[in-house]
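Presented below is the structure to which this report refers.
Along the sequence shown, the residues carry numbers beginning at 1. When a ligand or atom number is given, it counts from 1 through the structure's own listing order.
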Amino acid sequence: MSLWIYVDGKYVSKEEAKISVFNHGFLYGDGVFEGIRAYGGKVFKLEEHLKRLYNSAKSISLEIPLSREDLREKVLETLRKNKLKDAYIRLVVSRGEGDLGLDPRKCPHPQVIIIAHHIMMYSEELYEKGLEVIISSTRKNIPAALDPRIKSLNYLNNILAKIEANIQGASEAIMLNKDGYIAECTGDNIFIVKEGTLITPPIWVGALEGITRNVILKLAAKEGIPTKEEPFTISSLYNSEECFLTGTAAEIAPVTRIDKKIIGEGKVGKITRKLIKNFRQLTQIEGTPIY
Ligand code: PMP
């Protein structure tokens with residue numbers, strides 16, 4: 001059975017889904033995107049993802065050629081067309097086709113692409129044992145250059161950090177901001193536990209305002225776990241009791257080793273376990289129905 005992909009108002013098979021070599025998303029990384037997840041026939045936090053997409057687009061003066069209502073419907077329709085209940089949805093809006101110069105005024109038609117497929121970030125074993133990660137030497141962009149709040153098609157420094165992780169045989173790379181504070185990972189936000197308090201860097205340190213991050217902050221508060229959004233350094237990270245990463249694709253991924261140092265007791269911590277359980281429950285009950 002073919003995979004149906006939404007490209008500019010039409011559904012085409014995976015084999016036929018192509019973009020122009022003059023597309024500025026391809027030539028310059030000029031565009032924005034979202035990664036969204038569906039669980040058991042419901043799309044998790046769809047409104048939050050759409051809001052972030054439109055905010056990212058506004059920040060780069062990109063007009064999405066569909067209203068939010070229409071785009072919501074297209075996301076749901078793509079899932080129905082592929083008969084999916086559990087899926088990862090990639091929503092991409094690029095500047096569209098232009099000429100070889102970078103001027104966006106030469107791109108009159110921004111392009112919308114929706115891909116709904118499966119994703120598996122890490123093996124079940126890694127979720128059980130915890131990930132081994134590294135701290136990369138590649139820094140986050142400074143907000144004055146490219147604001148990390150914008151979920152743009154420019155992931156090159158994250159990719160450089162990921163290459164560092166690959167070379168060292170680690171699953172993910174933690175990235176610092178220009179001042180040396182922990183910001184986030186290449187595709188996930190980061191949390192630590194210190195003296196029973198759950199801490200994550202504030203967004204202004206240089207992280208994407210992750211939707212999973214916000215869900216975790218709320219779930220922790222509900223459980224009576226104290227939470228703080230506070231900058232922290234490499235030393236605090238190494239000496240944390242627990243550490244985990246959050247993201248739509250990775251969900252909640254426990255970390256048990258950073259730069260070969262054992263974190264806490266070297267196994268998935270109690271607070272992390274509790275939050276994984278609560279997160280999984282929430283994804284089963286909340287969401288926008290597809291069918
Ligand atoms: N940071 C970065 C750089 C990301 O790309 C992502 C999403 N893949 C996240 C954090 C996590 O965001 P969310 O929970 O909204 O998926």
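Using a 30° and 60° split on the angle between ring planes, F244 and F191 fall in the parallel class, below 30°.
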Would T256 and E132 count as a side-chain hydrogen bond (donor to acceptor under 3.5 Å, both in side chains) here? Give the steps. CA-CA 6 Å; T256 47; E132 177 163 354; over 6 Å; no
Could you go through ligand 1 and note, for every N or O atom, any protein N or O atom closer than 3.5 angstrom, writing the atom names and distance to 0.1 Å, or 'none'?
unit_1, atom_1, unit_2, atom_2, d
ligand 1, 1 (N), E184, OE1, 2.6
ligand 1, 5 (O), K151, NZ, 3.2
ligand 1, 5 (O), Y155, OH, 2.4
ligand 1, 8 (N), G187, O, 3.0
ligand 1, 14 (O), I211, N, 3.3
ligand 1, 14 (O), T212, N, 2.9
ligand 1, 14 (O), T212, OG1, 2.6
ligand 1, 15 (O), R52, NH1, 2.9
ligand 1, 15 (O), R52, NH2, 3.0
ligand 1, 15 (O), I211, N, 2.8
ligand 1, 16 (O), T248, N, 2.9
ligand 1, 16 (O), T248, OG1, 2.6

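A donor-acceptor pair is defined here as one N or O able to donate and one able to accept, closer than 3.5 Å; such a pair exists between the side chain of N157 and the backbone of R139. K151 places no side-chain N or O within 3.5 Å of a backbone atom of P148 that could act as its donor or acceptor partner.
Judged by the 6.0 Å distance and 45° axis criteria, K261 is positioned over the aromatic ring of Y238.
Applying the salt bridge (charged side-chain N to carboxylate O under 4.0 Å, His left out) test to every pair with at least one member in residues 29-45, sequence neighbours left out, gives these pairs: D30-R95, E34-R52, R37-E251, K45-E286.
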